[in-house]
Amino acid sequence: VQLVESGGGSVQTGGSLRLSCAASGFFFENYAISWFRQAPGKEREKISCISNRDDEIYYEEGVRGRFTISSDKGEQTVALQMNNLEPGDTAVYYCAARLGTCWWFNNKDHDGAMDYWGKGALVTVTS
């Protein structure tokens, strides 16, 4: 099983980046793929989730309207288009896979456990 992130880098405030997560080794269409991020000195936080089962999409409030998640089932990749980036978006971004749908995303009691994780991609936004 592999999840490999790509597309990270450095961009100025207001710029855009597109992250990609390439999945292999599991039945992609049965899984929900999520993006998390962890900024220096902070806890990991969820950003967005897309379910390959029912195509539902969820966003955390702080990225809604700026970030767009999409899934290509044929290529088994999930992209995260990030626009109007801010210095507060600086973090290591991880993609993760969990069997099923994104039902857990807004469930405060869920511990955020995922089945598979990528190694992360660094995004730096300069002012």
Please list, chain by chain and in numerical order, all residues satisfying ring-ring contact (aromatic ring centres under 6.0 Å, His included) with Phe28, sequence neighbours excluded. none
Pairwise side-chain contact, Ser70 with Gln81, heavy-atom cut-off 4.5 Å (strictly under): no
Taking the six-membered ring for Trp, is the centroid-to-centroid distance between Phe26 and Tyr116 below 6.0 Å? yes
Does any part of the side chain of Gln76, heavy atoms only, come nearer than 4.5 Å to the side chain of Cys21, both counted from C-beta? no
Determine yes or no for a side-chain-to-main-chain donor-acceptor pair under 3.5 angstrom, with Ser51 supplying the side chain and Ala32 the backbone. no
Could you check whether atom CD of Gln38 has more than 12 heavy atoms from other residues, nucleotides or ligands sitting under 6.0 Å from it? yes
If you measure only the distance, is there a donor-acceptor pair under 3.5 Å linking the side chains of Asn84 and Glu86? no
In this structure, would Met82 and Val11 fall into the same cluster of hydrophobic residues linked by side-chain contacts under 4.5 Å? yes
Sidechain N-carboxylate O distance under 4.0 Å for Glu45, Arg37: yes
Following the transitive rule for hydrophobic clusters with a side-chain heavy-atom cut-off under 4.5 Å over Ile, Leu, Val, Met, Phe, Trp and Tyr, establish whether Tyr94 and Leu80 coincide in one cluster. no
Would a single hydrophobic cluster contain both Tyr93 and Val4, if residues Ile, Leu, Val, Met, Phe, Trp and Tyr are joined by side-chain heavy-atom contacts under 4.5 Å? no
Please tell me if the side chains of Leu17 and Val123 come closer than 4.5 Å, counting only heavy atoms from C-beta onward. yes
Flag the pair Thr13 / Pro87 as yes when at least one side-chain heavy-atom distance between them is below 4.5 Å, and no otherwise. yes
Does Lys119 offer a backbone N or O that forms a donor-acceptor pair with the side chain of Glu5 under 3.5 Å? yes
With a 3.5 Å distance limit and no angle check, can you tell me whether Gln2 reaches the backbone of Ser24 through a side-chain donor-acceptor pair? no
Is there a continuous path of hydrophobic side-chain contacts, each under 4.5 Å between heavy atoms, that joins Phe105 to Met114? yes
For residues Ile33 and Trp104: do they belong to one hydrophobic cluster (side chain heavy atoms under 4.5 Å, members Ile, Leu, Val, Met, Phe, Trp, Tyr)? no
Distance alone, cut at 3.5 Å: any donor-acceptor contact between the side chains of Asp72 and Thr77? no
ring-ring contact (aromatic ring centres under 6.0 Å, His included) partners of Tyr59, counting only residues at least two apart: none
For residues Asn52 and Ser71, is any side-chain donor paired with an opposing acceptor at under 3.5 Å? yes
Kindly compute the distance separating CG (Asn107) from SG (Cys102), expressed to the nearest 0.5 Å. 13.0 Å
Between the CZ atom in Arg66 and the CD1 atom in Ile47, the distance rounded to the nearest 0.5 Å is 9.5 Å
Students often mix this up, so state it plainly: with edges at 30° and 60°, are the rings of Phe36 and Trp117 parallel, tilted or perpendicular? tilted
Tell me every residue that passes salt bridge (charged side-chain N to carboxylate O under 4.0 Å, His left out) with Asp55, counting only those two or more places apart in sequence or in another chain. Lys73
Candidate list Leu122, Thr124, Val125, test side-chain contact (heavy atoms from CB on, under 4.5 Å), partner Ser10, passing option: Thr124
Test item: Arg53 and Asn30 side chains (from C-beta on) under 4.5 Å apart, heavy atoms: yes
Strictly under 6.0 Å, is that where the ring centroids of Phe67 and Trp35 end up? no
Would you compute the distance between atom OG of Ser48 and atom CD1 of Ile57 and round it to the nearest 0.5 angstrom? 7.0 Å
Does Arg18 form a side-chain contact (heavy atoms from CB on, under 4.5 Å) with Thr68? I'd like the steps, not just the answer. CA-CA 9 Å; Arg18 184 178 179 88; Thr68 303; over 6 Å; no
So, taking the atom named SG in Cys95 and the one named CD1 in Ile50, what distance separates them when rounded to the nearest 0.5 Å? 13.0 Å
